Amino acid sequence: MSLDAELLLDWFADTARDLPWRRPECTAWGVLVSEIMLQQTPVARVEPIWHEWLARWPTPSAMAEASQGDVLRAWGKLGYPRRALRLHAAAQAIAEQHDDVVPQDVDTLLTLPGIGAYTARAVAAFAYGQKCPVVDTNVRRVVARAVHGAGDAGPPSTTKDLRDVEVLLPDDDAAVYSAALMELGALVCTARAPKCADCPVFDACAWQLNGRPAYDGPAKAVQKFAGTDRQVRGLLLDVLRGTDEPVAKTRLDLVWSDAGQRDRCLHSLLVDGLVEQTREGLFALPGEH
DNA sequence: GACGCGTGGGG
DNA sequence: TCCCCAAGCGT
């Protein structure tokens, strides 16, 4: 229990970023959209797209009526576009099965596409003020250092990670405390070059008291991108986002020289539902033809 | 539990 | 220049 709630809450009140999904007027739907967009994606890239989305689709039912193609085009280059399809499907489920109201219950949220252990609890806490452990990569790092005295978090383990954070939560303002833990990891207790001089819990930090040991867990796998299917899929989708009309395969063939990889990627995009083939054999974003 | 899934900014 | 990394999820 080395993360004093009062210190953290005061620090958060003084220095937290003014993000639109944290404002009191933001709806639960707005919170959900932000959480999906923020998965593996920096705040600076999310913010403008989030504003566009909430203005265009202010409710789940509004988005449910849009086509998949429109949603994918509005997603733009945020990355991992399958998130956009899952959010669209979640919007349809909320509209049709939950009276257009984002569920409050973690177990119900977990049944929705694209909502996992983190996002379900983030919505419960940040949209509905519930006391439940919200564990993302920032929180895992803060707990690893400040509580366990390690240089960084080891491999994720949902059960253990939830338990670690649950015991920290104060009875009052638990949701704000959760936001503060995340903010601390995002702004101060960062992966590279943590700003310990600015840390509100410096005096209680187990990592400091432990002599700042280096991370000694298993090496983290570094994800390659150049030359992977992920890059090729991104190039193919970028062509389709940029046009209103279905395109011939010869047009898609221009984006990558390796025909085998190209065809494999186009096929996987079809399987994922990110691309559709028209009766004429042309290719387009789904749901418009 | 490991792997695949986009994209771009900063050190 | 590279290389690391950024509020995960589904299989």
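Lettering follows sequence order; numbering is per chain, from 1. None of these values were measured; they are calculated from a predicted model.
Comparing C:dA7 with B:dG11, their P atoms are spaced 15 Å from each other, to the whole Å. When the P atom is used for both B:dG8 and C:dC9, the distance is 23 Å, rounded to whole Å. Taking the C1' atom of each, B:dG1 and C:dG8 are spaced 15 Å apart, rounded to whole Å.
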List, one per line, each side-chain donor-acceptor pair under 3.5 Å for residues 202-210 of chain A, sequence neighbours excluded.
unit_1: A:Trp207; atom_1: NE1; unit_2: A:Pro213; atom_2: O; d: 2.8
unit_1: A:Asn210; atom_1: ND2; unit_2: A:Gly149; atom_2: O; d: 3.2

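Taking the six-membered ring where the residue is Trp, the centroids of A:Trp53 and A:Trp75 are separated by under 6.0 Å.
For the contact set between residues 12-21 of chain A and DNA chain C, defined by any heavy atom under 4.0 Å, the members are A:Arg17, A:Leu19, A:Trp21. Heavy-atom distances under 4.0 Å link DNA chain C to A:Thr119 of residues 119-133 of chain A, given in residue order. Interface residues of residues 177-189 of chain A facing DNA chain C, ordered by number: A:Met182; criterion, heavy-atom separation under 4.0 Å.
With no hydrogens or angles considered, a side-chain donor-acceptor pair links A:Glu35 and A:Tyr118 at under 3.5 Å.
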Could you write nucleotides 4-11 of chain B as a row of B, S and -, 5' to 3', where a protein heavy atom under 4.0 Å of any base atom gives B, of only sugar-phosphate atoms gives S, and otherwise -?
BBBBB---

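For the pair A:Lys131 and A:Tyr177, the NZ or CZ position fails the cation-pi test of under 6.0 Å to the six-membered ring centre and within 45 degrees of the ring normal.
Nucleic acid contact class of A:Val46 (heavy atoms, under 4.0 Å, all strands): none.
Taking a 4.5 Å side-chain heavy-atom cut-off between Ile, Leu, Val, Met, Phe, Trp and Tyr, the cluster of A:Phe225 contains only that residue.
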